[in-house]
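See structure below.
Reckoned from all heavy atoms, side chains included, excluding hydrogens, waters and symmetry mates. Each residue takes its place number in the sequence, starting with 1. Counting starts at 1 for both ligands and their atoms, in listed order.
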Amino acid sequence: MDLILFGPPGAGKGTQAKRLSELLSAPQVSTGDLMRAERARGSELGRKFDEFMSKGLLVPDALVLRLFEERLAQPDAKSGSILDGYPRTIPQAQALDDLLAKSGRKVDVVTSIEVPLDEIVERIAMRRSCESCGQIYHLRYNPPPSPDRCSCGGKLVQRQDDTEEVVRKRYEEYLSKTAPLLDYYRRRAVLVSVDGLGSLDEVTERLKAAIGIGSGTGFG
Ligand SMILES: [Zn+2]
């Protein structure tokens, strides 16, 4: 199953992508991570990414697609993938369709985790990260052992751009950029909206229901 996950910053999309990846035995495929890995490996593609990124230019879609093509052809991704952070534009969505079609695949489900802005603001204001190991906590949903200490003993801090103003701006940007894509997938009848309120576990259960992995069906 090839699945795309959308959700505003602060909706817990990364965590849910990881969980779905385990549940579906399909890798989480994020363009950011893939590009970093290629650059670190110094591959031909990675060097091309460097050329663009060192000049502050956007990496052309064609190069990103080559990256996907290679990643989706790897054994662990042959039966599916969880795409996180891609596509971001209609042309990218169309190119992704063409790419998947080459190997007889298609975008099977697109889930959109929906969380109201006020909730996002509250969540992000309660986010803390560890200065030592980078672990991220939420004071309510994923509480650390103590409000200012990580389980590794490191000090917990709040990120500077986790302010209400920045959060609101990122949310508006997400909505305006994502709306055309959600329309694109809604017309194809593959879009499922999932209520992102509640605990991480509750949202995972709703995602499972939306995708059609019931508990106890022995999927995978
Ligand atoms: Zn830590």
(message) For residues 133-155, which residue pairs pass the salt bridge (Lys or Arg N to Asp or Glu O under 4.0 Å) check, not counting sequence neighbours?
(response) Glu122-Arg140
(message) Would the distance check show the side chain of Tyr137 and the main-chain N or O of Cys150 forming a donor-acceptor pair, the cut-off being under 3.5 Å?
(response) no
(request) Sort out for me which residue in Arg188, Arg105, Lys106 forms a side chain to side chain donor-acceptor pair (under 3.5 Å) with Asp97. (result) Arg188
(message) Show me the pairs that pass salt bridge (Lys or Arg N to Asp or Glu O under 4.0 Å) and involve residues 8-29, at least two apart or across chains.
(response) Lys13-Asp84, Arg19-Asp201
(message) Tell me which pairs pass side chain to side chain donor-acceptor pair (under 3.5 Å) where either residue lies in residues 51-74, with sequence neighbours left out.
(response) Asp61-Gln92, Glu69-Lys102, Arg71-Gln74, Arg71-Asp76
(message) Between Phe68 and Leu100, is the side-chain contact (heavy atoms from CB on, under 4.5 Å) condition met? List the steps.
(response) CA-CA 10 Å; Phe68 269 126; Leu100 287 170; over 6 Å; no
(message) Please give me the protein atoms (N, O or S only) lying under 2.8 Å from the Zn ion (ligand 1), ordered by chain and number.
(response) Cys130 SG, Cys133 SG, Cys150 SG, Cys152 SG
